[in-house]
Amino acid sequence: QVQLVESGGGLVQAGGSLRLSCAASGRTFSSYAMGWFRQAPGKERELVAGISWSGGSTYYADSVKGRFTISRDNAKNIQYLQMNSLKPEDTAVYYCAAASGSSWWAGEYDYWGQGTQVTVSS
């Protein structure tokens with residue numbers, strides 16, 4: 001089992017940047033694929049980005065390609081989401097998640113953080 005804690009959310013103007021971090025407990029962090037989801041009010045939760053256990057494969061939703069970058073540091077048990085050129089439509093609660101299976105790119109995750117709010121003002 002793994003426990004996840006996000007940080008780095010906040011309020012930013014459109015065009016600005018934020019970096020989210022997700023600290024994971026446990027010794028098996030490197031055996032999980034990791035991802036970031038978001039959920040805006042009245043909308044379904046969506047997978048924004050995912051990264052394989054080794055970091056060698058990544059997935060991005062079309063809406064964030066070229067603007068967001070997911071990365072991980074297995075030595076520190078941390079994953080990141082660098083968000084650039086933020087838009088008001090990126091406003092949502094962002095959740096860190098861990099996947100034990102192979103369908104992480106399809107949104108199948110097992111463990112979740114508590115979420116961090118990102119608000120982009122126009």
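What you see is a predicted model, and the numbers here were worked out from it, not measured in a lab. Values reported hereafter were calculated over all heavy atoms of this structure, with side chains retained and with hydrogens, waters and symmetry mates removed.
For residues 54-66, every residue pair satisfying the salt bridge (Lys or Arg N to Asp or Glu O under 4.0 Å) rule, not counting sequence neighbours, is listed here: D62-K65. Within the structure, disulfide (SG to SG under 2.5 Å) contacts touching residues 9-88 (residues at least two apart or in different chains) are C22-C96. Within the structure, no pair that satisfies the salt bridge (Lys or Arg N to Asp or Glu O under 4.0 Å) test touches residues 71-89, not counting sequence neighbours. A ring pair (Phe, Tyr, Trp, His ring centres under 6.0 Å) check over residues 39-74, counting only residues at least two apart or in different chains, returns nothing.
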Which pairs would a plain distance check flag for residues 32-41, meaning a side-chain donor or acceptor within less than 3.5 Å of a matching protein atom at least two apart in sequence or in another chain?
unit_1: W36; atom_1: NE1; unit_2: Q79; atom_2: OE1; d: 3.3
unit_1: W36; atom_1: NE1; unit_2: Y80; atom_2: O; d: 3.4
unit_1: R38; atom_1: NE; unit_2: E46; atom_2: OE2; d: 2.7
unit_1: R38; atom_1: NH1; unit_2: D90; atom_2: OD1; d: 2.9
unit_1: R38; atom_1: NH1; unit_2: Y94; atom_2: OH; d: 2.9
unit_1: R38; atom_1: NH2; unit_2: E46; atom_2: OE2; d: 3.2
unit_1: R38; atom_1: NH2; unit_2: S63; atom_2: OG; d: 3.4
unit_1: Q39; atom_1: NE2; unit_2: K43; atom_2: O; d: 3.1

Could you give the side-chain donor-acceptor pairs of residues 14-21 under 3.5 Å, partners two or more places apart or in another chain?
unit_1: S17; atom_1: OG; unit_2: N84; atom_2: OD1; d: 2.9

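Taking all atoms of both residues into account, the shortest heavy-atom contact from A24 to L4 is CB-CD2, 3.7 Å.
Distance alone, capped at 3.5 Å, places no donor-acceptor pair between the T91 side chain and the T119 backbone. Although no hydrogens or angles enter the test, the distance criterion places a donor-acceptor pair under 3.5 Å between the side chain of D110 and the main chain of S100.
A 6.0 Å sphere centred on CH2 of W112 holds more than 12 heavy atoms belonging to other residues, nucleotides or ligands. Crowding of Q3 atom CD: a count of heavy atoms from other residues, nucleotides or ligands under 6.0 Å not exceeding 12.
Cluster annotation: V48 is connected to V118 through the hydrophobic network of ILVMFWY side chains, with a link wherever side-chain heavy atoms come within less than 4.5 Å.
For the pair W105 and S52, the minimum side-chain heavy-atom distance is 4.5 Å or more.
A distance of 7.0 Å separates CD in Q114 from OG1 in T116, rounded to the nearest 0.5 Å.
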